[in-house]
Engineer: 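The following block contains the structure, expressed as structure tokens.
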Amino acid sequence: MKRYNPLEIEEKWQQKWEKEKPYKAEIKLGVSKKFIAEMFPYPSGAGLHVGHVRNFTIVDVLTRFYEQQRLNVMRPFGYDTFGLPAENYAIKTGTAPQEVTMTNISNFRKQAKRLGYAIDWDREINTSDPEYYKWTQWCFLQLYKKGLAYQKESYQWWCPVDQTVLANEQVENGHCWRCGHEVEKKKMKQWFFKITEYADELLDDIDALDWPEKIKTMQKNWIGRSVGAEVDFAIWHEGGKGSSSDVPQAAGLSSAFSRKITVFTTRPDTIQGATFLVLAPEYSGLDYIVSDDARDAVMKYKADSLKKSEIERQENKEKTGVFTGAFAINPATKEKIPIWVADYVLAGYGTGAIMAVPFYDERDKEFAEKFDLPIVETELVDRDLFGTPKTTYRMRDWLISRQRYWGCPIPIAYDKDGNPHPIPEDQLPVLIPEVDDYKPDNSGRSALAKAKDWLKVTVPVKDEKTGETHLEEMTRETDTLDGYACSSWYLWRYTSPHDKDSAWGKEAISYWAPTDIYVGADHAVAHLLYIRFWCKFFADQGYLPFREPIKKLIYHGYINAPDGKKMSKSKGNVIDPLDVINDGYGADTLRTYEMFIGPVELDAAWDPRSVGGVYRFLNRCFNLCFDESIKNDLDEEHNAVIRHKTIKKVTEDIYKCNFNTAVASLMEYVNELYKEGVHQTDLIALAKLLKPFAPHLASEMLESLDVDDEWPKWDDKYLVADKVELIVQVNGKLRARIEVDANDLENESKIIELVKNDEKVSKYLEGGIKKTIFVKKANLVNIVV
RNA sequence: GGCCGAGUGGCGGAAUUGGUAUACGCGUUCGACUUAAAAUCGAAUGGGGAAACUCGUACGGGUUCAAGUCCCGUCUCGGCUACCA
């Protein structure tokens, strides 16, 4: 008798797939397509972990499921390779990040192949490959051309360990998302993408997405639209002194700015109760508002609060602030009200200034009580009376500069006056220069600055007046792009991954994109918001024929260690998927186990014993097919009911991503076949249904059965039985189960008669019947006595 | 503090959206095969009770013929968010 030997079977099929490339995707006009992908991995030195396996297997189950239904499926694969781990490793060991990356990729590729995924390997991409990042730079230039990539000097999050600025989305609880160190604020000139330009559309389009509600809510909150008004408060000048002529014009402030303060409020109707104004410590122009008497105190307060870390601000919610010595006029009451500075007002939101209405606002009230400022109850006024309607967003523009070596160089050069110029598209890619030392210094510039020759570049400049072009020697930008920029367009690159003339081919993009199903477990706001932003931008430029990049998003849970804690090297509780395979369980068991482990969206704890249970199940499948001693001389109809029930259940469960119950129903089917015996038709159905989960074993079975893998269909006629079990309740309590003819369910009075005469039931009915309820769809009768 | 989820056997988890609570798997127990063990196969398995029965889906109420599912309140645990005016 042949025994189930997964390692042997899997090697056989993997070799076959490697040679025959059955998963190569090609455009087939007129055949409906599915473009399915996971969030591509960062290939770490540690290799695949069980979380990757869950991620990739979900994609694979869906890929095979649709492929078996003969849809034209594209399932590509790629690597997100720029970033700190490779760079830090390079700094430590002196190995070039390029080299480390290639080693890790080849390891990842080998491991992914060992899991038997239905990947079109000709579509492999790598974000740090010049063939790829040439087009990341091209994307940047498109945004630059339209004014959506711009430079701005402002206070930014700075990680002192990683020596780089970070986007808002990369600061978690005041800590760097990579190294975990507390971040600081630093005033720097940096590059931004103007994502706020699309804030409304990004927000309004969320509702229509087939995405988990959780993610949709997180994005909505992140964008954080609030509708209100901007209201101008004139600054009060004593005795006409301190008029606008006193303001130093060299400061670059408009003179209008100095005479008024514009606040943002969502409650312009409460303006009569505004008894003071509050400015953020970083409020630009604060210098010109503050009175000479108060100047020292205000500047000290400003310096202190800039030093204060985000954590300190969070821990200490006690209101602090100082009086600027200046006053403004409330436009509604014409009263003179004091202007304060306090760090509970944030510079980056609204205008960085608020009107405080302590009667209506908790925070203002707290502040007023502490500093003994007036709290006035007032009538509400018309919302539009004193302000102009204005909408603001919690979301800020996306900071994309990184002072790091291992990233995509920003294709910009500076002339001798420091003005930025784009590197012409025909000079792309701007290659990453080789350096000896990858370490950033504390100059605020990346290690790219150490490549002296590389820094010099000749850029054609068009003279505004004459229209003529001349060449100019310039210095290259040394910042690199945030890695999220690289992953903001890779799904489109998959459609024509080796295109030499464009980021994505026109024909390919209109056939394959948008992505039908996208699977991941992270990046709920950052990546998934950025890719939507780029999609809308490139749609506006005519490069994309759609405005949302991802139709359906599957967001799965993490896999934890058996003790329920996060797996981590330091705790020594990491399960290596390759160990599970090589222990003899094989890839099919690992894959099927991870689908069976629990509902896809929930975290799950690894259970080594359950892995054994899944192995036993696959072993039983194998034996049904290859063990001659199992009864197989049945009539085809014998198992038809459960067979069709199983086909229906598995099909519907996969559509709903209920992979755990799909596997459970296959287990039930197999248990039944062990009891009842098996017909060829059962084996064929089983093998086909099993293939998305355990493709090697299923292929082996299908080969021996000599059939293709086309997804089976169920026939509803087998799902209606002749005899059904009628549930009988008395006062809602289960009292009997009676077998009745299915036809009798059409005849309510006959059913009730049958029930009343049942001996188990009748003894409860002696007190007389008040009411009977018959529920046909549940095969249930309830008698009220 | 705010918003959103979730609490079901010894464990992971099922339950057609109000209709048989605990599918499937793990674990445990018993049996078969074996000199023996492993593997495999079969049976049992929420608590109480000899049984008829009875109690059971975090807790307390409610609606209903019928509640794990709906409503009100409480507790616990997760996620996001954190002075966003």
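In what follows, chains carry the letters A, B, and so on, assigned in the order in which the sequence lines appear, proteins first and then strands, with residues in each chain numbered from 1. Just so it is clear, the model here is predicted, and its values are computed rather than measured. Values reported hereafter were calculated over all heavy atoms of this structure, with side chains retained and with hydrogens, waters and symmetry mates removed.
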Engineer: In the strands shown, is B:rU76 matched to any nucleotide by a Watson-Crick or G-U wobble pair with both distances under 3.5 Å, and which?
Structural biologist: B:rA6
Engineer: Across all strands shown, which nucleotide pairs with B:rG49 by Watson-Crick or G-U wobble geometry, both distances under 3.5 Å?
Structural biologist: none
Engineer: Please state the C1' separation for the pair B:rG60 and B:rG25 - nearest whole angstrom.
Structural biologist: 35 Å
Engineer: Measure from the side-chain heavy atoms of A:Arg735 and tell me the nearest of B:rA39, B:rU54, B:rG42.
Structural biologist: B:rU54
Engineer: Report yes or no: is the cationic atom of A:Lys566 (NZ for Lys, CZ for Arg) under 6.0 Å from the centre of the six-membered ring of A:Tyr558, at an angle within 45° of the ring normal?
Structural biologist: yes
Engineer: For nucleotides B:rG7 and B:rC71, find the distance between their P atoms and express it as a whole number of Å.
Structural biologist: 14 Å
Engineer: For atom C1', what is the distance between B:rG47 and B:rU34, given to the nearest Å?
Structural biologist: 38 Å
Engineer: Which nucleotide, if any, forms a Watson-Crick or G-U wobble pair with B:rC83, using both distances under 3.5 Å?
Structural biologist: none
Engineer: Return the nucleotide paired to B:rG56: Watson-Crick means purine N1 to pyrimidine N3 with N6-O4 or O6-N4, wobble means G-U with N1-O2 and O6-N3, both under 3.5 Å.
Structural biologist: none
Engineer: Taking the chi torsion of B:rG9, is it syn (within 90° of 0) or anti (everything else)?
Structural biologist: syn
Engineer: Using heavy-atom distances to pick each residue's nearest nucleotide on RNA chain B, tell me which of A:Ser610 and A:Ile783 is more 5'.
Structural biologist: A:Ser610
Engineer: Let's test your reading of the model: under 3.5 Å, does the base of B:rC65 pair with the side chain of A:Lys770 as donor and acceptor?
Structural biologist: no
Engineer: So what's B:rA67 paired with, Watson-Crick or G-U wobble, going by both distances under 3.5 Å?
Structural biologist: none
Engineer: OP1 or OP2 of B:rC26 less than 4.0 angstrom from a side-chain nitrogen or oxygen of A:Tyr615, does that happen here?
Structural biologist: no
Engineer: As a test of reading the structure: which of B:rC65, B:rA14, B:rC41 is closest to the side chain of A:Ile773, going by heavy atoms?
Structural biologist: B:rC65
Engineer: Okay, side chain of A:Asn639, backbone of A:Val678: is any donor-acceptor separation there less than 3.5 Å?
Structural biologist: no
Engineer: State which of B:rA15, B:rU20, B:rU40 makes the closest approach to the side chain of A:Thr661.
Structural biologist: B:rA15
Engineer: Which base sits across from B:rA23 as a Watson-Crick or G-U pair, both distances under 3.5 Å?
Structural biologist: none
Engineer: Does the side chain of A:Arg620 get closer than 4.0 angstrom to OP1 or OP2 of B:rG25 through an N or O atom?
Structural biologist: no
Engineer: Could you work out the separation of B:rU45 and B:rA51 based on their P atoms and round it to a whole Å?
Structural biologist: 13 Å
Engineer: Is there any side-chain hydrogen bond (donor to acceptor under 3.5 Å, both in side chains) pair reaching into residues 768-785 of chain A, and which pairs are they, with sequence neighbours excluded?
Structural biologist: A:Glu746-A:Lys776
Engineer: Output side-chain donor-acceptor pairs under 3.5 Å for residues 586-593 of chain A, partner residues at least two apart or in another chain, one line each.
Structural biologist:
unit_1, atom_1, unit_2, atom_2, d
A:Asp588, OD1, A:His696, N, 3.4
A:Asp588, OD1, A:His696, ND1, 2.8
A:Asp588, OD2, A:His696, N, 3.4
A:Asp588, OD2, A:Leu697, N, 2.8
A:Thr589, OG1, A:Tyr585, O, 3.1
A:Arg591, NE, A:Phe693, O, 2.9
A:Arg591, NH1, A:Asp60, OD2, 2.9
A:Arg591, NH1, A:Leu115, O, 3.0
A:Arg591, NH1, A:Gly116, O, 3.4
A:Arg591, NH2, A:Asp60, OD2, 2.7
A:Arg591, NH2, A:Pro692, O, 2.8
A:Thr592, OG1, A:Asp588, O, 2.7
A:Tyr593, OH, A:Asp607, N, 2.9

Engineer: Considering only the C1' atoms, how many Å lie between B:rG78 and B:rG27, rounded to the nearest integer?
Structural biologist: 27 Å
Engineer: With both distances under 3.5 angstrom, what nucleotide forms a Watson-Crick or G-U wobble pair with B:rG31?
Structural biologist: B:rC41
Engineer: Just to be sure I understand the rule, does A:Asn671 reach a base, reach only the sugar-phosphate, or reach nothing, if contact means heavy atoms closer than 4.0 Å?
Structural biologist: sugar-phosphate
Engineer: Begin from the C-alpha positions of A:Lys319 and A:Glu369 and carry the test salt bridge (Lys or Arg N to Asp or Glu O under 4.0 Å) through to its verdict.
Structural biologist: CA-CA 10 Å; A:Lys319 295 277 180 294; A:Glu369 280 170 350; over 6 Å; no
